[in-house]
Amino acid sequence: MVAEKFSSIIDPENPLVFEYSKPPTDTTNQSTQELSISSESITTPPSVASITTDSSAFTVPEKKKVKKEKPPKEENPDELFHFSEDEDEDSEEENADGDGLIEEKSIKGKSKPEEESDDDFVPYNIEDDESDLNPIQPPVYLRDCLNFLRQKEDVNKIEGGLIGAEPLIRNSTSELHHLAVPLSQTLLHMSDDYSLEKFTERRNGALVALLVKCTSSVAQYLTKEFYEPNYNLHQRYTILKVLVDAARELSGNTTKLDRDPLARQIEERRQIAEQITPSSSGLKESKTRRWGNRTKKIVHQQNKFATFATLFFFPLVRHLGKRQNDSHVDVEGEIHLLGELIFSLSVFIECSGNSNSTMQMVPVMMDLLVSLRFHKDRFIRQSILISLCRCLFALPLDVFRETSPHDLSEISSWLSYVSQEDVDADCRKYASALLGLFLVDVVEV
């Protein structure tokens with residue numbers, strides 16, 4: 001058949017003709033017809049302008065897409081099942097069939113990564129310091145606050161109870177009188193097992209608030225527990241500190257508490273002496289006008305502590321100087337605790353001011369100071385001298401002379417001995433300052 005076609009092109013007048021039988025199937029005839037070229041188009045060469053491309057003559061027969069049957073999978077109940085995994089495999093098999101879909105597959109390959117599953121997802125960064133969260137919710141009611149403080153393992157409730165204790169106590173009215181002593185007992189027995197922030201400050205603030213709001217009942221409870229044996233030194237120091245802070249708040253004394261009141265007393269005496277001493281300029285000074293030296297207006301405050309001073313003072317001093325039995329702790333055996341106790345008692349006298357309570361406390365305090373004045377520890381002697389200074393300034397000198405069982409000349413001779421013979425430099429300094437303040441007044445009296 002090919003020879004007949006070429007012979008018709010080479011010699012159109014005498015083409016070769018072969019006798020042959022047609023094949024039985026139509027597929028060969030169809031392919032022969034498609035591959036045949038018309039003799040007219042070959043004999044007459046077309047011009048450039050008349051050349052046209054017939055896309056239908058060169059079309060590739062479209063292949064039918066036959067979906068491959070996957071072998072059945074054995075079901076495994078322990079295997080995780082992902083819905084998206086089978087769908088991705090089917091789509092990839094469809095894209096892989098056919099040569100005419102290569103470009104579409106490449107584009108799809110760029111837009112979609114390889115087979116993914118839920119296990120391949122990159123997790124979000126969920127690390128957070130939780131600084132913007134506030135899991136600690138303070139209690140709203142005072143009884144809830146008591147339950148929070150009694151927790152043993154819930155740290156958030158313990159800290160929430162400490163945060164909300166002082167505001168609730170200061171704002172409470174009716175419920176506080178029934179819960180004051182249980183709250184004091186719970187706060188006093190608390191320990192900082194979880195290293196909470198501002199634990200000591202918040203606990204002491206709540207105890208001071210209880211003393212200010214329910215002074216009588218809480219003061220009796222704390223002074224009684226001070227000598228009980230089931231407390232450590234830290235708890236006894238806490239009792240003394242909150243008693244002193246509450247006494248200062250009730251008395252309205254907002255000045256900074258120091259262990260050396262002599263410098264302040266000397267400055268006050270100096271200012272008083274300058275006001276009493278007449279000016280050397282005489283008439284000229286009286287006619288001189290001054291601007292900008294206004295005197296400060298004195299603000300008078302009610303001393304609420306004077307009413308409760310005896311409740312703070314006498315229960316603590318009652319056991320000193322006595323032989324302690326097994327039911328009470330021996331405070332005199334703890335040197336530093338004894339010094340803090342003497343210092344706290346003198347603060348109670350100072351905060352009570354010039355009142356009847358002061359006149360009751362000063363004689364007892366002087367007996368205690370005289371009995372311990374030759375103590376061997378220097379810290380005790382320093383506390384005695386500081387307390388003596390507060391006792392002498394608490395009352396006028398003539399009232400002090402009448403109420404004190406000890407003669408002032410005896411006290412003056414002891415101060416003179418301490419200022420010269422004591423081995424501690426601070427004791428000598430305190431004794432000399434006291435002599436300078438009171439020696440003239442004692443001699444005059």
Side-chain angles (χ1 to χ4, degrees), residues 139 141-150 158 161-191 198-254 257 302-319 328-329 331 337 340-341 343-353 355 357 360-361:
Y141 300 102
L142 197 61
R143 192 171 296 275
D144 295 337
C145 179
L146 179 60
N147 294 331
F148 279 21
L149 294 174
R150 288 177 174 176
I158 296 174
L162 286 173
I163 294 174
E166 184 176 357
L168 285 175
I169 292 169
R170 293 188 181 274
N171 296 327
S172 180
T173 55
S174 60
E175 195 179 13
L176 180 61
H177 294 282
H178 303 285
L179 299 176
V181 175
L183 277 170
S184 303
Q185 182 179 6
T186 303
L187 290 168
L188 185 60
H189 287 82
M190 288 184 66
S191 58
K198 298 181 180 180
F199 173 83
T200 304
E201 179 181 350
R202 289 168 177 167
R203 183 192 61 177
N204 294 354
L207 286 171
V208 171
L210 286 170
L211 278 166
V212 172
K213 299 292 290 187
C214 301
T215 309
S216 179
S217 59
V218 179
Q220 291 177 7
Y221 170 75
L222 291 178
T223 53
K224 178 185 176 183
E225 295 297 311
F226 180 77
Y227 286 100
E228 294 299 321
N230 296 326
Y231 290 94
N232 54 31
L233 288 177
H234 179 71
Q235 290 173 321
R236 302 184 200 279
Y237 285 127
T238 301
I239 292 175
L240 293 178
K241 178 173 177 53
V242 297
L243 287 173
V244 169
D245 293 342
R248 289 170 54 81
E249 183 175 345
L250 288 169
S251 65
N253 188 359
T254 58
L257 183 64
Q302 182 182 3
N303 191 348
K304 299 179 182 179
F305 179 71
T307 308
F308 307 101
T310 55
L311 297 176
F312 284 65
F313 182 85
F314 287 108
L316 292 177
V317 78
R318 183 175 294 120
H319 298 284
H328 295 88
V329 67
V331 178
L337 182 62
E340 288 294 330
L341 177 58
F343 177 78
S344 302
L345 293 173
S346 66
V347 174
F348 299 154
I349 294 176
E350 182 183 18
C351 292
S352 63
S355 62
S357 300
Q360 298 175 18
M361 293 185 293

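Note that this is a predicted model, so its numbers are computed, not measured.
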Got a sec, which residues hit side-chain hydrogen bond (donor to acceptor under 3.5 Å, both in side chains) with [X], two or more places apart in sequence or on another chain?
{"X": "S191", "value": "D193"}
{"X": "Y237", "value": "H336"}
{"X": "S216", "value": "none"}

For [X], enumerate each residue passing the side chain to side chain contact (heavy atoms under 4.5 Å, CB included) test, keeping only those at least two apart in sequence or located in another chain.
{"X": "N232", "result": "H234, Q235"}
{"X": "F305", "result": "A247, L250, S251, N303, A309, F312, F348, C351, S352"}
{"X": "A180", "result": "L210, C214, S217, V218"}
{"X": "L168", "result": "P139, L142, C145"}

Which is it for T238 and N204 under the side chain to side chain contact (heavy atoms under 4.5 Å, CB included) test, yes or no, and what are the steps along the way?
CA-CA 7 Å; T238 301; N204 294 354; 3.5 Å; yes
From [X] [atom1] over to [Y] [atom2], what is the distance, rounded to the nearest 0.5 angstrom?
{"X": "L187", "Y": "L162", "atom1": "CG", "atom2": "CG", "answer": "7.0 Å"}
{"X": "T215", "Y": "E249", "atom1": "OG1", "atom2": "CD", "answer": "9.5 Å"}
{"X": "L311", "Y": "L243", "atom1": "CG", "atom2": "CG", "answer": "11.0 Å"}
{"X": "L183", "Y": "L188", "atom1": "CG", "atom2": "CG", "answer": "12.0 Å"}
{"X": "L179", "Y": "Q185", "atom1": "CG", "atom2": "CD", "answer": "12.5 Å"}
{"X": "I158", "Y": "L149", "atom1": "CD1", "atom2": "CG", "answer": "8.5 Å"}

Residues which pass salt bridge (charged side-chain N to carboxylate O under 4.0 Å, His left out) with R150, listed by chain and number, not counting sequence neighbours
none
For K198, check salt bridge (charged side-chain N to carboxylate O under 4.0 Å, His left out) against everything at least two apart and list the hits.
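Partners of K198 by the salt bridge (charged side-chain N to carboxylate O under 4.0 Å, His left out) criterion come out as none, since no residue qualifies.
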Among all residues two or more places apart in sequence or in another chain, which pass the ring-ring contact (aromatic ring centres under 6.0 Å, His included) test with F314?
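Here no residue qualifies.
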Has the side chain of R236 got a donor or acceptor atom that lies under 3.5 Å from a matching backbone atom of E228?
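Looks like yes, one N/O pair under 3.5 Å.
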Candidate list R170, K213, E166, R203, test side-chain contact (heavy atoms from CB on, under 4.5 Å), partner V208, passing option
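Output: one option passes, namely R170.
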Tell me the salt bridge (Lys or Arg N to Asp or Glu O under 4.0 Å) pairs involving residues 176-185, sequence neighbours left out?
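Output for this query is empty, none listed.
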Stepwise side chain to side chain contact (heavy atoms under 4.5 Å, CB included) check, I169 with V212
CA-CA 10 Å; I169 292 169; V212 172; over 6 Å; no
With the side chain counted from C-beta on, respond yes when [X] and [Y] share a heavy-atom pair under 4.5 Å apart, and no when they do not.
{"X": "V242", "Y": "L222", "answer": "yes"}
{"X": "R318", "Y": "Y227", "answer": "no"}
{"X": "V317", "Y": "M361", "answer": "no"}

Could you check F226 against L316 for side chain to side chain contact (heavy atoms under 4.5 Å, CB included), going step by step and ending with a plain yes or no?
CA-CA 8 Å; F226 180 77; L316 292 177; 3.9 Å; yes
Apply side chain to side chain contact (heavy atoms under 4.5 Å, CB included) to the pair D144 and Y141, showing each step before the final yes or no.
CA-CA 5 Å; D144 295 337; Y141 300 102; 3.5 Å; yes
Inter- and intrachain pairs under ring pair (Phe, Tyr, Trp, His ring centres under 6.0 Å), touching residues 166-191, at least two apart
H189-Y231
Please evaluate residues E201 and K241 with respect to the criterion salt bridge (charged side-chain N to carboxylate O under 4.0 Å, His left out), reporting the C-alpha separation (whole Å), side-chain torsions for both, the decisive distance (0.1 Å), and the verdict.
CA-CA 11 Å; E201 179 181 350; K241 178 173 177 53; over 6 Å; no
